[in-house]
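In what follows, a single structure is set out as structure tokens and then discussed.
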Amino acid sequence: MGTIKQRYKDIRAKEIVDHETGEIIDVSYAGLIERKSTNEITFNSKEYFYLDTDQLFILLANGITQVELALLVTISNNLMIGSNICMINDDKPHTADSIAKMIGTSRQSVKLKLKSLQKIGAIYHGIMKENKRLGKVYIVNPHIIRKGHKMKQSLGTTFDEIKRQY
């Protein structure tokens, strides 16, 4: 669960006014700060990922089905930071069997949808050079969905942006 915080803008106070006498007093040397609300709040959460809406709209225009899109988002719920590997937990990557169990459908049905996602470039199934110890893994295209800003170098050669098909 995330936390919500009020946002403020801090400005170094230069002078204050005495309400009784109207005298203006220079306080620039005192390091006082005036805090005003920005009328905004921030949401902070440990669990989040970035969804590139431009890429999402291209996927939709290219005909990704709602079921495939739902699966893509579902398997992205626990991405490994920096590598976008679909993980069950911190130590174990997802397999077709674990994904089928998670969404309550057959392995064959999941495999067909995963193959379709691979075909359109939304995911990759294979060994990631920097994470060989995990074996074959499902990796989400960071152009579409990513967790974190810095990514492993091999993702740059594994994935391209999704292009609009005409």
Side-chain angles (χ1 to χ4, degrees), residues 1-19 24-96 98-105 110 113-114 116-117 120-124 128 130-131 134 137-156 158-162 164:
M1 179 100 181
T3 57
I4 300 173
K5 293 185 180 180
Q6 179 68 41
R7 290 183 51 102
Y8 298 97
K9 183 173 184 176
D10 294 338
I11 302 168
R12 186 171 289 257
K14 295 180 181 169
E15 46 191 40
I16 59 173
V17 176
D18 184 326
H19 289 286
I24 298 174
I25 304 166
D26 179 20
V27 293
S28 57
Y29 61 88
L32 296 176
I33 295 175
E34 178 183 2
R35 175 169 276 188
K36 290 184 180 180
S37 173
T38 62
N39 294 321
E40 299 173 327
I41 57 173
T42 58
F43 289 88
N44 189 7
S45 177
K46 290 182 181 180
E47 296 298 323
Y48 64 91
F49 59 78
Y50 296 96
L51 174 64
D52 187 310
T53 54
D54 289 337
Q55 292 288 288
L56 174 63
F57 289 127
I58 292 170
L59 282 173
L60 291 168
N62 289 350
I64 189 172
T65 67
Q66 294 296 314
V67 172
E68 292 165 346
L69 184 58
L71 181 60
L72 181 62
V73 171
T74 301
I75 64 175
S76 299
N77 73 348
N78 191 26
L79 295 176
M80 181 183 280
I81 294 175
S83 65
N84 261 19
I85 296 173
C86 301
M87 301 293 287
I88 297 171
N89 55 39
D90 290 341
D91 302 320
K92 193 171 181 184
H94 266 298
T95 63
S98 68
I99 294 168
K101 185 177 178 183
M102 178 176 65
I103 64 173
T105 190
V110 166
K113 290 172 186 70
L114 291 171
S116 180
L117 289 171
I120 63 174
I123 64 170
Y124 169 77
M128 184 177 201
E130 295 93 343
N131 290 70
L134 296 174
V137 293
Y138 288 100
I139 305 170
V140 175
N141 184 335
H143 291 285
I144 306 166
I145 297 174
R146 65 189 161 277
K147 190 168 186 181
H149 293 286
K150 298 176 184 173
M151 295 286 162
K152 302 289 185 192
Q153 188 170 0
S154 65
L155 292 177
T158 303
F159 293 105
D160 293 318
E161 284 187 69
I162 304 298
R164 188 177 198 111

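Both backbone and side-chain heavy atoms feed into the values below; hydrogens, waters and symmetry mates do not.
- The NZ atom of Lys152 lies 7.0 Å from the CE atom of Met128; values are rounded to the nearest 0.5 Å.
- Closest heavy-atom contact between Arg164 and Ala61: NH2-CB, 3.3 Å.
- In terms of heavy atoms, Gly121 sits closest to Asn141 at O-ND2, 2.8 Å.
- Considering all non-hydrogen atoms of both residues, Gly82 and Leu155 come closest at O-CD1, 4.0 Å.
- Applying the side chain to side chain contact (heavy atoms under 4.5 Å, CB included) criterion to Asp18, with sequence neighbours excluded, gives Glu20, Thr21, Glu23.
- A 4.5 Å side-chain heavy-atom check between Ile25 and Val17 finds every atom pair outside the cut-off.
- How far CZ of Phe159 is from OH of Tyr124: 8.5 Å, rounded to the nearest 0.5 Å.
- Rounding to the nearest 0.5 angstrom, the gap separating the CG atom in Leu117 from the CD1 atom in Ile75 is 6.5 Å.
- In this structure, Leu79 and Lys147 approach most closely via the heavy-atom pair O-CD, 3.2 Å.
- Nearest heavy-atom pair, Arg7 versus Thr42, reported as atom, atom and distance to 0.1 Å: CD-CG2, 3.0 Å.
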(message) For Glu130 and Ser83: C-alpha separation, side-chain torsions, deciding distance, then whether side-chain hydrogen bond (donor to acceptor under 3.5 Å, both in side chains) applies.
(response) CA-CA 9 Å; Glu130 295 93 343; Ser83 65; over 6 Å; no
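- Between the side chains of Ser28 and Glu15, no donor N or O sits under 3.5 Å from an acceptor N or O.
- Between His149 and Tyr50, the ring planes are tilted. Angles from 30° to 60° get that label.
- Of the possible polar contacts, one joining the Thr74 side chain to the Ala70 backbone as a donor-acceptor pair under 3.5 Å is found.
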(request) Check step by step if side-chain contact (heavy atoms from CB on, under 4.5 Å) holds for Arg12 and Lys14. (result) CA-CA 6 Å; Arg12 186 171 289 257; Lys14 295 180 181 169; 5.6 Å; no
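- When every heavy atom of Ser37 is checked against every heavy atom of Gln6, the shortest pair comes out as OG-NE2, 2.8 Å.
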